[in-house]
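Note on naming: letters A, B, ... go to the chains in the order of the sequence lines (proteins, then strands), and numbering restarts at 1 for each one.
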2 protein chains.
Amino acid sequence: MNQLPQDFAELEARITAEYGALSRRLQQTARFLLDNPQEVAFATVAKLADRAGVTPSTLIRFANSFGFKGFSEMQQLFRTRLVDELPNYAERIRAVRTATGETPDSTQLLWEFAEANRDVLEALPSRIDPHDLERALDLLEQAEIVHVLGARRSFVVASYFAYALHHIDKRAFLIDGLGGMHGEQMKAVGPRDAMLVVSFSPYAQETQDAAAEAKERGIPMVVITDSSLSPLARLADVSLVVHEAEVKSFRGLTASLCLAQTLAIALGVRQDKASEPAHDEAKAKG
Amino acid sequence: MNQLPQDFAELEARITAEYGALSRRLQQTARFLLDNPQEVAFATVAKLADRAGVTPSTLIRFANSFGFKGFSEMQQLFRTRLVDELPNYAERIRAVRTATGETPDSTQLLWEFAEANRDVLEALPSRIDPHDLERALDLLEQAEIVHVLGARRSFVVASYFAYALHHIDKRAFLIDGLGGMHGEQMKAVGPRDAMLVVSFSPYAQETQDAAAEAKERGIPMVVITDSSLSPLARLADVSLVVHEAEVKSFRGLTASLCLAQTLAIALGVRQDKASEPAHDEAKAKG
DNA sequence: GTAGGTATGGAATTTTTATTCCATGGCGAC
DNA sequence: GTCGCCATGGAATAAAAATTCCATACCTAC
């Protein structure tokens, strides 16, 4: 039996170090414990076991395998951690907010970014017209294939959206311009498809060209952009305008990604409903 | 029986208001509870009774007299207080839930996502150790070229980081595995370079392989991942652990991107300082 | 394929903890 | 001074929770 850890940090280090040597269930337990330390501090063995997807026995075994006499003994570390660390949490916020004296600039920056992005997310939902959101979903739902386009900074959002569509089993292609083949990739867009275009100032020329072509061919198009005056907005069937945070003249992508995430999952929900109409009717009646 | 308080603040107010009307022992209990809320959150009735200088019965009676079914029910308020950093958190959720009665599902989803991502951003800065952040920046600053690696979901973060590095004039390459050439791209990593690896559960094999190779070759490595138990964490020189929001079993990327943004810009700030040392010295003297 | 060992789940058991109940003691009213 | 009520303490009881133990499933090695 090993020497037992004296505080949470020590325990965390031990768990991390020996993680590979643990059995499947104990690994599962380890992940849960380190991911949800707050919950562990309060809840009972039975509840935690349930949440972690293991049996109570496993939790006990886990504690034993790290030298504790029982689960309760290990739980103590989770509790004292909460008590020890909380008091200086509030202080840390205050310290960072007020003076940069002690904290490194980088941490100060992190707080600023987090705050700026939070503010943006706060404003986002009320800035998006529910009606536009529904129309965008209509277009995407009816499309056989969704082609996603975004260059430079917008490429991040575009690639995420394409990724997310794959995960809800919606056919999607990312127009990435690989090999300078923007034009060629646009030719692969069929008449029953739709496009989702992401573009922010200063609106990449290749994106504008592609969007113009799509408009001409009558391809349904949803645009995520940063202003209703954007050249992309006038080409779109539905345009969703997001305002991103700016710190040190660097723009974020938080709001756009949140919106992309929402579009993808809302689309997934719709598809589920469409493929299981019986379930929905039953609910409506009941 | 009175309406029972919903949170700690409410309870505190009630106790304060009715303090004068309580019996001697109950007053004694009240004082102890409000003076040692942390202790109350964890300890057992017997221990608390002992510490407060009253009998267990008194504690129960105290709880009952404020409308609780038992002491445990009251204790819950002391516990949630410790966990909830934000007192009006619960209210906010309720407000969103109720206010969206009329709106379509998609807008409802948008609110939920925005909310979840906001919460994540709130927790992010305090979860990142300033020391780790500085060390990560040290590694990146000293590197001649930064190679950025991330597959599937993490690719979004990786591509954003590579993009951001270009904008602060830091040489960067994105290891994208194009044409199945992960291995070949790794060969291009030089001895004076560094790597930034992004990987989330279920940790893409190609990323793990590449990271293992980098480790073997002694390439400095910063990892952004989702758990200290991640297989990537043990390979890294510095690992930054982020917790992402999850809605409808879909994980976000907000926190990771915010962190990537911070790293890039903090690095940019450092580079500026390094290239204008006179400015810095002047500040130190002044 | 089989035997041995290990990991796991679940029920039984023990321990801990919360709550109830009643006997006693203090305090004020008559 | 005595009666009655309310507060109080402490033991008894009930409830909940932790832990143990055993049967079984699952691997691994031969």
Exercise: identify the closest heavy-atom pair between B:Ser228 and A:Glu12 = OG-OE2, 3.4 Å
Is the backbone of B:Ser230 close enough, under 3.5 Å, to the side chain of B:Asp226 for a donor and an acceptor to pair up by distance?
-> no
Please write out each protein N/O paired with an N/O of nucleotides 25-28 of chain C under 3.5 Å, distance rounded to 0.1 Å.
none

Scanning both residues in full, the closest heavy-atom pair of A:Ala63 with A:Gly70 reads CB-O, 3.6 Å
Can you tell me the distance, in whole Å, between the CZ atom of B:Phe62 and the P atom of D:dA7?
-> 14 Å
In terms of ring plane angle, is the pair B:Phe42 and A:Phe42 parallel, tilted or perpendicular, where the classes change at 30° and 60°?
-> parallel
Looking just at side-chain N and O atoms, do B:Arg31 and B:Tyr19 make a donor-acceptor pair shorter than 3.5 Å?
-> yes
To the nearest Å, how far apart are A:Phe68 CZ and D:dT19 P?
-> 12 Å
Residue pair A:Phe66 / A:Leu26, side-chain heavy-atom distance below 4.5 Å = no
Looking only at side chains, do B:Arg153 and A:Tyr160 share a donor and an acceptor under 3.5 Å apart?
-> no
Its contact letters, B for base, S for sugar-phosphate only and - for none at protein heavy atoms under 4.0 Å, make nucleotides 6-21 of chain C read -SBBB------SSBB-
Can B:Gln28 and B:Arg25 be counted as having a side-chain donor-acceptor contact under 3.5 angstrom?
-> yes
